[in-house]
Amino acid sequence: MRDKYCGLVSRDDIGKVIELAGWVFRRRDHGGLIFADLRDITGIVQVVFSPELSREAHEQAGEIKQEYVLKVTGRVEKRPPETENPNMPTGDVEVLVSSFEVLNASKPLPFQLDEEEPNESLRLKYRYLDLRRPEIQKIFIARHKAYKITRDYLTENGFFEFETPFLTKSTPEGARDFIVPSRLNAGMFYALPQSPQLFKQILMIGGFDRYFQIVRCFRDEDLRADRQPEFTQIDIEMSFVGVEDVLALGEGLVIALYRELKGMSAGFPIPRMTYADAMERYGTDKPDLRFDLPLADITNIFQETGFGVFKKTIEGGGIIKGLVLKGKTLSRKDLDTAVDAAKDMGAGGLIWIRKENDALQSPVVKFLKDEEKASLTGAFDLANGDVVFIVADKRNKANEVMGRFRQYIGETFGLIDKGTDRFLWVTDFPLLEYSEVEKRYIARHHPFTSPKESIRNFNGDYESIIAKAYDLVLNGVEIGGGSIRNYRMDEQLEMFRLLNIKEEEAVEKFGFLLEALEMGAPPHGGIAFGFDRILMMFLGLESIRDVIPFPKTQKGACLMTGAPSKIGQKQLNELKINTIVR
RNA sequence: GGGGUCGUAGUUAAGCCUGGUUAUAACGCCGGCCUGUCACGCCGGAGGCCGCGAGUUCAAUUCUCGUCGACCCCGCCA
């Protein structure tokens, strides 16, 4: 049907008669002469309909409109002098059409492909039109490259690619499951996997040594700019490894992807930070290191303070945490806005102290002793114009609030170097965290994560147990995470005990794994990367929807197909399901 | 579950704060002209449930409330 792709027509083809096929991108009708840009996946080339070459083709070309699908036959010519277009790759040639065929017509489109983006719901409803846009096509070509790099890299490193079931078993921990009714077992349900966690561990126990899968995962939770209910992970598991082996392997993959997608290597090797340091210094387990602005614990300055808020906090075992913003001129309104922002982030209050005319000024300065002012000035090396922001609260709350506030300050005052990418491994996560909702400890990573030291060494102080767990963070966004797993039955049972999962429940939910752990399970661990998030970040895009061909809206709808939708009574009857919508 | 932004020709926006005119522009569409354009140009034309529903008012695109949809955030996301 065609000899050549549109975007690949070049000077080498001059003089040849070729057949091309593609879409009419733009048409320029001069009456006596008609130009059209013919587009396919490779790019565009100008085709010319001239009555001097073919009166019939020229006349027929009066009919063609945008997005008509054409097959054209014509001779490739060098463009006449002064008419070359240096802005397009095929701009020094054109195809003089001797005959053409309209393979398909097109109605006028609901939006123009070459103009400003229409709103996203229209793009999603007519996704096939959106996908025709060259800048969108670039994204999915990049996505394809990323699949290939991943497969090549992991294959070279001894990994085997597997598929694991999508119709699987609901697990009690973690995100909400999507469920699928079983027709053959009335009243029973499959769950779509949140991740192939247990299957990949079983594959290690099955002796495959190294597993990977580029796999869809499903989580029935609310959506965000970087979260979809179904998303893709690069899932990796390795046998006979420790933390360092997994990080090295993962880092190699990220380097390879970054080099291909960004066309450069930067920021490697990836620095490390423990979870505890990240929380103390940046107030988050995924710090954005594109700007520094560290948090400082200034509790000791106020040990003897007469300022009621600080005094109460310290007496209650809390801490006082501050950060300093230097080199910016803040108005009173900026400060008030910052206080409101901090309150929205959950702060009980935010105190600002500004150095102006060599004196500290603040609504609270009258409550501070001279030595406290001096210590504060020293601790933050205050110069005129600098502002210290302070929060006093329980340790976790103070860190968390200040972490968010730090990000707010970074964004509001332009401290973030948008042109850079800062990767970070965060290591040594706590194994557990206490859930106020469930009134028990829950696994911070997942219930199969191995502690650094045996749980038996801890007596009650369970929140201090460190896990062999790690996350990869890029510019404040988590793009991967994993752990070394428990590979012995007794250790896994200890973990379940801490999680208050009774043995019979554990056996009911994960019996196959526990049994397997008793039959020669090798030490193993792994990591999973958020494939969509990596693409979004590496391509500099704002939304995960931009890297997914058919994404869902914030309410989980597909605007093109209309999913989710009601199903008929016949289907419900087969499933023996009644629906009650409350 | 909660907070916020947005919704006006096919599309992208303006108008709304401060209620009253024929609701404006660009692109697209339709008709005409044009042999070197490439965001072609020129002339003419059609095209509107101002998301939907209430309320306030003599009068609502404009103000208020509700609702639907899209988006951003909190909760949630092992």
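Convention: sequence-line order gives letters A, B, ...; per-chain numbering from 1.
Nearer to the 5' terminus of RNA chain B, by closest-nucleotide assignment, is the contact made by A:Pro110 (compared with the other of A:Pro81 and A:Pro110).
Stacking between A:Phe35 and B:U37 is present: the aromatic ring centre lies within less than 5.5 angstrom of the base six-membered ring centre, and the two planes differ by under 30 degrees. For B:C40, the base is stacked against the aromatic ring of A:His30, per a cut-off of 5.5 Å between centres and 30° between planes.
One finds a side-chain N or O of A:Lys555 lying less than 4.0 angstrom from the OP1 or OP2 phosphate oxygen of B:G69. Side-chain nitrogen and oxygen atoms of A:Gln66 include at least one within less than 4.0 Å of the OP1 or OP2 phosphate oxygen of B:C29. Contact annotation: A:Lys125 does not reach the phosphate of B:A70 (side-chain N/O to OP1 or OP2, under 4.0 Å). One finds a side-chain N or O of A:Asn119 lying less than 4.0 angstrom from the OP1 or OP2 phosphate oxygen of B:U12.
The A:Asp29 side chain lies nearest to B:C34 when the options are B:U11, B:C34, B:C77. Picking from B:A70, B:C38, B:C74 the nucleotide with the shortest atom distance to the side chain of A:Thr553 gives B:A70. Closest approach to the A:Arg227 side chain among B:C77, B:G28, B:C71 is made by B:C77 (side chain taken as heavy atoms from C-beta onward).
For B:G44 and B:C34, the C1' atoms lie 15 Å apart once the distance is rounded to whole Å. For the C1' atom pair drawn from B:A13 and B:G48, the interatomic distance equals 15 Å after rounding to whole Å. To the nearest whole angstrom, the two P atoms, one in B:A26 and one in B:A14, are 16 Å apart. With P as the reference atom, B:A46 and B:G31 are 15 Å apart, rounded to whole Å. For B:U64 and B:C76, the C1' atoms lie 33 Å apart once the distance is rounded to whole Å. One P atom belongs to B:A70, the other to B:U12, and the distance between them is 16 Å to the nearest Å. Atom name P, nucleotides B:G51 and B:U62: the rounded distance is 8 Å, in whole Å. Between the C1' atoms of B:A60 and B:G19, the separation comes to 6 Å (whole Å).
Between the base of B:U35 and the side chain of A:Glu52 there is a donor-acceptor pair shorter than 3.5 Å. In this model, no side-chain donor or acceptor of A:Arg123 finds a partner on the base of B:U11 within 3.5 Å. Residue A:Glu117 places no side-chain atom within donor-acceptor reach of the base of B:U12, judged by atom type and a 3.5 Å distance cut-off alone. Scanning atom types as modelled, no donor and acceptor separated by under 3.5 angstrom connect the side chain of A:Arg404 and the base of B:C74. Within 3.5 Å, no donor on the side chain of A:Asp344 pairs with an acceptor on the base of B:G3, nor the reverse.
Cation-pi geometry between A:Arg133 and A:Phe111 is not met: the NZ or CZ atom fails to fall both under 6.0 Å from the ring centre and inside 45° of the normal.
When every heavy atom of A:Cys217 is checked against every heavy atom of A:Pro196, the shortest pair comes out as SG-CD, 4.3 Å.
Relative ring orientation between A:Phe496 and A:Phe510 is described as parallel, the plane-to-plane angle staying below 30° on a 0-90° scale split at 30° and 60°.
Partner assigned to B:C65 is B:G53, using Watson-Crick or G-U wobble distances below 3.5 angstrom.
By the 6.0 Å contact criterion, CD on A:Glu221 is enclosed, its count of non-hydrogen atoms from other residues, nucleotides or ligands being greater than 12.
Contacts between residues 432-439 of chain A and RNA chain B, defined by a heavy-atom separation below 4.0 Å, involve no residue at all.
When ring centroids are compared, A:Phe212 and A:Phe162 stay outside the 6.0 Å threshold. Note: A:Phe100 and A:Phe49 meet the aromatic proximity criterion, with ring centroids under 6.0 Å apart.
Residues passing the salt bridge (Lys or Arg N to Asp or Glu O under 4.0 Å) test with A:Glu508: none are found, sequence neighbours excluded.
A salt bridge links A:Arg488 to A:Asp490: at least one charged side-chain nitrogen sits closer than 4.0 Å to a carboxylate oxygen.
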